[in-house]
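To keep things clear, I will list the structure first and then write my remarks on it.
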Amino acid sequence: MCPTKQKMSNKTGQDEGEEQGFRRRLLSWFDENRRDLPWRYVDDPYAVWVSEIMLQQTRVTTVLDYYERWMKRFPTVEDLAEADLEEVLELWSGLGYYRRARHLHRAATTVVDEFDGELPQSVKGLKKLTGIGDYTAGAIASIAFGQVEPLVDGNVMRVIARYYAQDEDPKRGAGKRFVWDQAGKLVDPGRPGDFNQGLMELGSLVCTAKSPKCSECPLRRGCQGFACGDPTRFPPTATPTRQGPMRGRVCVIYRFSGGEAEFLLRRRPAEGLLAGLWEFPTVEVDGKSWPTLKDLRGWLSGEAETDQDRDLSKEFGEIEHVFSHRRLRVKVHQWDVSALHWPTLGKRWRWVSEAELSGVASSALMGKVKRLWTEQSEDRQQEIPVSQNG
DNA sequence: AATTCGGGGAA
DNA sequence: TTCCCAGAATT
């Protein structure tokens, strides 16, 4: 508990004065310091929607490139609704949390088919679309439609928890209600979208998690966390549940066809992790011991006549890939099957040329495998006689 | 209320 | 390394 923490006044007149000062100082700061982001100054609810989905659990700097590519390919909600899921996932490849892309695509078809191509303007209406929750509904309603609605994201949680020296965890229970209540009381009736973006911008640029720049903060004077002397005490940090390490093997199976390399990709199941994405055949196990080569060739048994143990044992690299709460290290194998007769492929398998590889929906880990392959292709060409390429 | 989702960059 | 980011859906 903060020793200098002040009681909130219940006198209506005083609250309104406090809130108006908060709004004025925040908006004034935002007008001076707002970043020039591509989804700002755009009078297009669809563009706001796309940006907000991409920004879920993802930093602004990461989103920029994806957003530009997306809007170029799918400029309107109709373009998105008409697109194949495969292409949607392809544009999302590497951004993570792929469910967002699936939901956005499905919601786009809902908007076109049921709402005559227009996004709902109310929070209640917006939340009926899959992928739009409390935060995103508030964001679209206030930013795109000027509705006086609050929004709470990670930044807003932190700013408000500090400003009021709130001890409760803002992610749940009483702390969550408190933050949403305050956000609702504070939001500026005249410029709700700018106010909300200003709150997030302040959290992102000034009221940062580790070392807040209180000397630059427009809200310092009324901030009870600053008055406490240590604003980083708020909000309290919830201890994350950490998962154990994982080990895996990835196999780049390739052959030469017409002078160009082709790769064998496998499609992941429609449900579960990385649903529907393509990958170089992979095996993974929990823990720190490596899966065996036998594990790697398990899915190949009976598919091709070869001495798989020997052929698959060619390793050309190791990659570490870090997820939200997991750490996967994979050994990368290569296998040239140019000389082998390969059986007919089922629906889950596909040969892809090197040029086509970048146009396939896949995870960030597969991107790393691909880059590793490309980086080492010069070395490989020195080792492998040119005759193999013809 | 607690998990799951499989990216990534700053400190 | 750790933290946590313009979170939502599911259980």
Side-chain angles (χ1 to χ4, degrees), chain A residues 34-35 37 39-40 48-67 89 92-104 106-107 126-140 142-144 150-159 169-176 183 193 195-205 207-212 232 235 237-243 245-246 248 268-269 271-277 279 282 284 286 319-330 362-368:
Chain A
R34 64 192 295 168
R35 287 172 289 184
L37 304 175
W39 47 85
R40 289 181 174 164
V48 173
W49 180 21
V50 170
S51 72
E52 291 300 340
I53 299 297
M54 287 188 170
L55 286 162
Q56 288 169 6
Q57 294 293 284
T58 310
R59 290 170 189 278
V60 167
T61 51
T62 305
V63 165
L64 290 172
D65 289 344
Y66 285 90
Y67 174 82
L89 288 171
W92 206 272
S93 292
L95 194 53
Y97 297 98
Y98 298 90
R99 198 160 41 187
R100 294 182 294 174
R102 296 168 162 276
H103 288 163
L104 182 53
R106 198 199 315 165
L126 286 161
K127 283 182 68 173
K128 289 180 179 163
L129 293 169
T130 182
I132 297 182
D134 293 331
Y135 162 77
T136 307
I140 298 173
S142 64
I143 297 170
L151 109 204
V152 174
D153 74 327
N155 290 306
V156 176
M157 276 182 212
R158 191 170 55 249
V159 172
D169 182 353
K171 294 194 174 200
R172 55 194 191 198
K176 183 175 180 179
F195 176 90
N196 285 336
Q197 291 183 80
L199 215 46
M200 294 188 284
E201 196 88 325
L202 186 75
S204 177
L205 299 180
C207 195
T208 57
K210 293 291 180 57
S211 49
T232 61
T237 54
T239 54
T241 56
R242 220 177 304 287
Q243 299 276 351
M246 299 183 72
R268 295 183 63 95
E271 302 292 327
L273 291 170
L274 302 171
L277 299 189
E279 66 182 10
T282 305
E284 299 166 351
D286 288 327
I319 293 173
E320 173 138 344
H321 194 55
V322 181
F323 306 116
S324 312
H325 293 100
R326 283 167 234 198
R327 181 175 306 268
L328 171 64
R329 202 179 299 173
V330 294
S362 61
S363 72
L365 174 57
M366 291 306 125
K368 287 183 183 177

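Heavy-atom basis, side chains included; hydrogens, waters and symmetry copies ignored. Order of the sequence lines sets the chain letters (A, B, ...), proteins ahead of strands, with each chain counted from 1.
- Distance check, rounded to the nearest 0.5 Å: CE of A/Met366 to OG of A/Ser93 gives 11.5 Å.
- Taking 4.0 angstrom as the limit, A/Gln57 places a side-chain polar atom (N or O) nearer than this to OP1 or OP2 of C/dG7.
- Rounded to whole Å, the C1' atom of C/dC4 lies 15 Å from the corresponding atom of B/dC5.
- At the heavy-atom level, A/Asp134 lies under 4.0 Å from the strands shown only through sugar-phosphate atoms.
- Between the C1' atom of C/dA6 and the CZ atom of A/Arg100 lies a distance of 11 Å, rounded to the nearest Å.
- OP1 or OP2 of C/dT1 has at least one side-chain nitrogen or oxygen of A/Arg327 nearer than 4.0 Å.
- With rounding to whole Å, A/Met200 atom CE is found 12 Å from C/dC5 atom C1'.
- The side chain of A/Glu201 sits closest to C/dA6 out of C/dA6, B/dC5, C/dG7.
- Between A/Tyr97 and B/dT4, a side-chain N or O to OP1/OP2 separation shorter than 4.0 Å is absent.
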Under-3.5 Å N/O pairs linking protein and nucleotides 9-11 of chain C:
from  : atom 1 : to       : atom 2 : distance (Å)
C/dA9 : OP1    : A/Gly131 : N      : 2.4

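- Residue A/Thr208 is out of contact with every strand shown, counting any heavy-atom pair closer than 4.0 Å.
- The separation between A/Met54 atom CE and B/dG7 atom C1' is 14 Å, rounded to whole Å.
- Of all heavy-atom pairs spanning A/Pro170 and A/Met157, the tightest one is CB-CG, 3.9 Å.
- Nucleic acid contact class of A/Ile140 (heavy atoms, under 4.0 Å, all strands): none.
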Using atom names, set out every protein N or O paired with an N or O of nucleotides 9-11 of chain B below 3.5 Å, distance rounded to 0.1 Å.
from  : atom 1 : to      : atom 2 : distance (Å)
B/dG9 : N2     : A/Arg59 : NH2    : 3.1

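- A/Thr58 comes within contact range of at least one nucleobase, with a heavy-atom separation under 4.0 Å.
- The side chain of A/Arg172 contributes an N or O atom lying less than 4.0 Å from OP1 or OP2 of B/dA2.
- Counting any heavy atom pair closer than 4.0 Å across all strands shown, A/Leu95 reaches sugar-phosphate atoms only and no base atom.
- Looking at heavy-atom distances under 4.0 Å, A/Ala364 makes contact with sugar-phosphate atoms alone, never a base.
- Here the nucleotide nearest the side chain of A/Ser204, chosen from B/dG7, C/dA6, C/dC4, is C/dA6.
- For A/Ser362 against A/Tyr98, the heavy-atom pair with the smallest separation is O-OH, 3.9 Å.
- Backbone-only engagement by A/Arg158 is indicated by non-hydrogen atom pairs under 4.0 Å involving sugar-phosphate atoms exclusively.
- Nearest heavy-atom pair across A/Ala364 and A/His321 is CB-CE1, 3.9 Å.
- Taking the side chain as every heavy atom from C-beta outward, A/Arg100 and A/Leu95 approach each other to under 4.5 Å.
- Within a 6.0 Å sphere centred on NZ of A/Lys176, heavy atoms belonging to other residues, nucleotides or ligands number 12 at most.
- When heavy atoms are screened at a 4.0 angstrom cut-off, A/Trp92 is found touching no nucleic acid atom at all.
- With 3.5 Å as the limit, one finds no donor-acceptor pair spanning the side chains of A/Tyr135 and A/Gln56.
- Atom C1' of nucleotide B/dT3 and atom NZ of A/Lys171 are separated by 13 Å, given to the nearest angstrom.
- A/Arg40 comes within 4.0 angstrom of a nucleotide base, judged by non-hydrogen atoms across all strands.
- In this structure, A/Tyr135 atom OH and C/dC5 atom P are separated by 12 Å, rounded to whole Å.
- Taking atom P on both nucleotides, B/dG8 is separated from C/dA9 by 23 Å, rounded to a whole Å.
- Residue contacts shown for A/Gly203 are absent, as no nucleic acid heavy atom lies under 4.0 Å away.
- A distance of 6.0 Å or more separates the ring centres of A/Tyr66 and A/Trp92.
- Checked against C/dC4, B/dG7, C/dG7, the side chain of A/Thr237 finds its nearest nucleotide in C/dC4.
- In terms of heavy-atom proximity, A/Gly203 sits nearest to A/Asn155 at C-OD1, 3.4 Å.
- For A/Gln56, whose side chain is taken as the heavy atoms from C-beta onward, the closest listed nucleotide among C/dA8, B/dG7, C/dC4 is C/dA8.
- Of the residues near DNA chain B, A/Leu277 and A/Gly173, the one whose nearest nucleotide (by heavy atom distance) lies more toward the 5' end is A/Gly173.
- The CZ-P distance, from A/Arg326 to B/dT4, rounds to 7 Å in whole Å.
- A/Arg59 and A/Ser204 form no side-chain donor-acceptor contact under 3.5 Å, judged by distance and modelled atom types alone.
- As a whole-Å value, the separation of A/Leu202 CG from C/dC5 C1' is 16 Å.
- Rounded to a whole angstrom, the distance from the P atom of B/dA11 to that of C/dA6 is 13 Å.
- C/dA8 atom C1' lies 14 Å from atom CG of A/Asp153, rounded to whole Å.
- Residue contacts shown for A/Glu284 include a base, since a base heavy atom lies under 4.0 Å away.
- Contact between A/Ala139 and A/Leu151 at its shortest, heavy atoms only, is CA-CD1, 3.6 Å.
- With A/Met54 as reference, A/Val63 is the one residue of A/Leu64, A/Leu104, A/Val63 to meet the side chain to side chain contact (heavy atoms under 4.5 Å, CB included) rule.
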